[in-house]
Amino acid sequence: AQSVTQLGSHVSVSEGALVLLRCNYSSSVPPYLFWYVQYPNQGLQLLLKYTTGATLVKGINGFEAEFKKSETSFHLTKPSAHMSDAAEYFCAVSLLFQGAQKLVFGQGTRLTINP
Amino acid sequence: DTGVSQNPRHKITKRGQNVTFRCDPISEHNRLYWYRQTLGQGPEFLTYFQNEAQLEKSRLLSDRFSAERPKGSFSTLEIQRTEQGDSAMYLCASSPAEGYGYTFGSGTRLTVV
């Protein structure tokens with residue numbers, strides 16, 4: 001069964017510092033992996049996704065993630081944090097069923113940016 | 001493309017009352033999903049429609065919950081005899097037949113008092 005573990009429920013960085021949000025997955029088949037961002041009282045917005053091909057995936061707002069099969073990881077990074085990056089971030093793995101996708105989410109990491 | 005629209009955005013109801021939420025997916029998307037998100041948790045899958053057919057329901061979807069998608073367009077999620085444990089954000093998402101990743105709506109936040 002697919003599952004996702006996000007290490008660290010809260011991460012705090014200074015503005016301009018590196019952002020690193022950790023995600024490890026468990027999957028019995030080659031995974032499709034996603035990162036979503038959620039701002040307060042909003043739905044989820046897709047940041048980036050890995051399906052096949054290049055293991056380094058670039059997304060919106062300067063974020064990127066690297067799929068490492070040997071480490072079963074899909075960590076999210078951004079070289080320089082901005083105040084507007086403060087939000088909740090969710091990693092998810094896709095489970096295919098009935099011709100569609102069911103997303104299994106991690107518990108989320110709340111990112112705080114210090115001025 | 002106006003995105004996925006959910007109404008209402010917020011709903012406060014008394015325990016025991018029935019509530020109904022509506023989701024309007026992106027018009028060309030034939031797949032529609034409902035998720036529930038409780039405070040401090042990631043979203044959890046509730047149910048999935050392909051066109052008008054409901055193809056899967058989670059164990060989380062008790063007998064008090066029912067979802068429909070008449071004519072394969074908008075969808076409704078009804079909760080009967082609400083309980084305090086039903087308080088959560090209910091998220092709707094849609095996706096096309098091809099490709100990966102959903103488009104989520106802004107959600108309906110339900111508070112049962």
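Every chain is numbered from 1, with letters handed out A, B, ... down the list of sequences.
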ask   = Is atom CG of A:Leu56 surrounded by more than 12 heavy atoms (other residues, nucleotides or ligands) closer than 6.0 Å?
value = yes
task = Check whether more than 12 heavy atoms from other residues, nucleotides or ligands sit under 6.0 Å from atom CD of A:Gln107, and answer yes or no.
result = no
message = With heavy-atom distances below 4.5 Å as the criterion, would you say the side chains of A:Phe105 and B:Phe45 are in contact?
response = no
request  = Report yes or no: do B:Phe21 and B:Phe65 belong to one cluster of Ile/Leu/Val/Met/Phe/Trp/Tyr joined by side chain heavy-atom distances under 4.5 Å?
outcome  = yes
ask   = Looking at the rings of B:Phe104 and A:Tyr36, which for Trp means the six-membered one, are their centres under 6.0 Å apart?
value = yes
message = Please classify the contact of B:Gln37 with chain A as side chain, backbone, both or neither, using a heavy-atom distance under 4.5 Å.
response = side chain
query = With hydrophobic residues grouped by side-chain heavy-atom distances under 4.5 Å, do A:Leu47 and A:Leu33 end up in a single group?
reply = yes
ask   = In terms of heavy-atom proximity below 4.5 Å to chain B, should A:Gln38 be classed as side chain, backbone, both, or neither?
value = side chain
ask   = Does the side chain of A:Leu103 reach to within under 4.5 Å of the side chain of B:Pro43, using non-hydrogen atoms?
value = no
query = Out of B:Tyr35, B:Tyr48, B:Tyr33, which one pairs with A:Lys102 under the side-chain contact (heavy atoms from CB on, under 4.5 Å) rule?
reply = B:Tyr35
note = On a heavy-atom basis, the closest approach of B:Met89 and A:Gln42 is CE-O, 4.3 Å
task = Please say whether more than 12 non-hydrogen atoms of neighbouring residues, nucleotides or ligands are located less than 6.0 Å from CZ in B:Arg64.
result = yes
query = Side-chain heavy atoms under 4.5 angstrom apart, residues restricted to Ile, Leu, Val, Met, Phe, Trp, Tyr: same cluster for B:Leu60 and B:Tyr102?
reply = no
request  = Would you check if A:Phe90 and B:Gln41 make a side-chain contact, meaning some heavy-atom pair closer than 4.5 Å?
outcome  = no
